[in-house]
Amino acid sequence: MRPLRNPFLQTVLANLLAVWMRFCVATIRWTRENEAVAEQVWADRGPVICLFWHSRISLTPACWPHHRAQEVRAIVSLSPDGQFIARAMGKVGFPSIRGSSANKDKADRAKGGSAALRDALRQLRTAGVALTPDGPRGPMRVMGDGVAVMARLSGAPVLFIGLSCRPAVRLGSWDRAILPLPFGRGAVVWDIDTFPEGLSTEEVTLRWAERLTAVEARADAITGLERV
């Protein structure tokens with residue numbers, strides 16, 4: 001039986017991951033670029049859609065100061081792996097909305113996509129949501145059009161967040177996820193946009209995928225982490 005399908009082991013491992021994430025975030029030396037963009041979002045304390053690629057989930061506590069920012073809920077898939085991630089993210093301050101609404105092709109009843117989209121739009125009336133638009137199973141750095149749909153319907157700004165650290169362990173998962181190591185160098189890079197008038201959902205999705213990849217690549221350039 002896979003460990004993540006055992007509720008007890010899942011809880012233990014999620015707690016351990018959350019503790020490790022907090023420890024690494026606290027001991028890494030962080031460089032923050034274009035933080036004024038995020039500062040304005042935090043000052044407004046309004047709705048926002050936060051994006052980062054799936055491989056950088058373990059670094060997310062570094063990008064959101066919960067003591068001074070609005071609540072953000074993470075959209076997490078309904079899979080057993082998703083349950084594990086939801087538990088860990090909840091421990092570091094990101095309660096979850098369960099489903100796969102980031103990708104319209106996956107937004108079916110079995111995966112809870114439609115319900116997650118409704119819950120996300122409800123959350124976006126007053127606060128924020130965070131999601132990995134290439135999750136939960138990839139392809140890596142390929143964005144589903146659910147993000148653009150969510151932004152168009154809600155009117156919320158989209159905050160692109162690039163995260164990196166070095167040294168880090170590169171996992172063998174589909175997204176080549178990184179697991180941070182303490183006392184290294186880290187970087188957070190922000191960018192922001194709203195749904196532009198006159199463009200189709202498909203055009204916006206391609207544009208936003210490029211911008212999210214760009215801020216992540218910039219963060220990797222700052223830390224010296226090798227791109228894959």
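All of these numbers come straight from a predicted model, not from anything done at the bench. We're numbering straight along the sequence, starting at 1.
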[Y] and [X], any side-chain heavy atoms less than 4.5 Å apart:
X	Y	value
Val41	Ile192	yes
Ile222	Arg185	yes
Phe94	His66	yes
Ile28	Pro180	yes
Cys50	Ile161	yes
Ser96	Ile85	no
Leu179	Leu17	yes
Trp20	Leu181	yes

Is [X] linked to [Y] within one hydrophobic cluster, defined over Ile, Leu, Val, Met, Phe, Trp and Tyr using a side-chain heavy-atom separation of less than 4.5 Å?
X	Y	value
Ile57	Leu13	yes
Val37	Val72	yes
Phe23	Val92	yes
Val19	Trp64	no
Val25	Val169	yes

How long is the span from the [atom1] atom in [X] to the [atom2] atom in [Y], to the nearest 0.5 Å?
X	Y	atom1	atom2	value
Glu197	Arg152	CD	CZ	10.5 Å
Leu225	Glu216	CG	CD	8.5 Å
Asp145	Trp208	CG	CH2	11.5 Å
Arg218	Trp190	CZ	CH2	13.5 Å
Asn34	Phe160	CG	CZ	12.0 Å

Give the minimum heavy-atom separation between [X] and [Y], together with the two atoms involved.
X	Y	value
Ala69	Trp42	CB-CD1, 3.5 Å
Phe52	Leu212	CA-CD1, 4.0 Å
Thr213	Arg227	CG2-NH2, 3.6 Å
Ser55	Arg176	CB-O, 4.1 Å
Pro167	Gly184	CD-CA, 3.8 Å
Met150	Leu121	O-CD2, 3.9 Å

Checklist entry - Under 3.5 Å, is there a donor-acceptor pair linking the side chains of Asp220 and Ser164? => result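 A donor-acceptor contact under 3.5 Å links the two side chains.
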Item to check | Verdict with supporting geometry, Asp134 and Arg141, salt bridge (Lys or Arg N to Asp or Glu O under 4.0 Å) | outcome: CA-CA 6 Å; Asp134 57 343; Arg141 302 192 189 108; over 6 Å; no
Under 3.5 Å: donor-acceptor pair, side chain of [X], backbone of [Y]:
X	Y	answer
Glu210	Thr205	no
Trp53	Gly135	no
Arg45	Glu71	no
Glu35	Arg32	no
Arg170	Ile178	no

Item to check | Leu51 and its side-chain contact (heavy atoms from CB on, under 4.5 Å) partner, picked from Leu131, Asp191, Leu159, Val215 | outcome: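 Going through the options one by one, the only one that passes is Leu131.
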Item to check | Qualifying residue for side-chain contact (heavy atoms from CB on, under 4.5 Å) with Met21, from Thr60, Leu16, Leu59 | outcome: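 Among the candidates, only Thr60 passes.
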Item to check | Worked check of side-chain hydrogen bond (donor to acceptor under 3.5 Å, both in side chains) between Gln123 and Asp119 | outcome: CA-CA 6 Å; Gln123 173 79 4; Asp119 289 345; over 6 Å; no
Checklist entry - For the residue pair Trp174 and His54, does the interplanar ring angle fall in the parallel (under 30°), tilted (30 to 60°) or perpendicular (over 60°) class? => result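 It falls in the tilted class, 30° to 60°.
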Next on the checklist: Going by salt bridge (Lys or Arg N to Asp or Glu O under 4.0 Å), name the residues that satisfy it together with Arg87, two or more places apart in sequence or in a different chain.
Outcome noted: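 So Arg87 forms no salt bridge (Lys or Arg N to Asp or Glu O under 4.0 Å) with any residue.
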Item to check | Results of side chain to side chain contact (heavy atoms under 4.5 Å, CB included) for Ser173 - residues two or more places apart only | outcome: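 Ser173: side chain to side chain contact (heavy atoms under 4.5 Å, CB included) contacts with Leu171, Asp175, Ala177.
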Item to check | Step-by-step salt bridge (Lys or Arg N to Asp or Glu O under 4.0 Å) determination, Arg166 to Glu226 | outcome: CA-CA 9 Å; Arg166 187 174 66 92; Glu226 183 179 358; over 6 Å; no
Next on the checklist: Does Arg207 have more than 12 heavy atoms from other residues, nucleotides or ligands lying within 6.0 Å of its CZ?
Outcome noted: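 Counting other residues, nucleotides and ligands, CZ of Arg207 stays at 12 neighbours or fewer.
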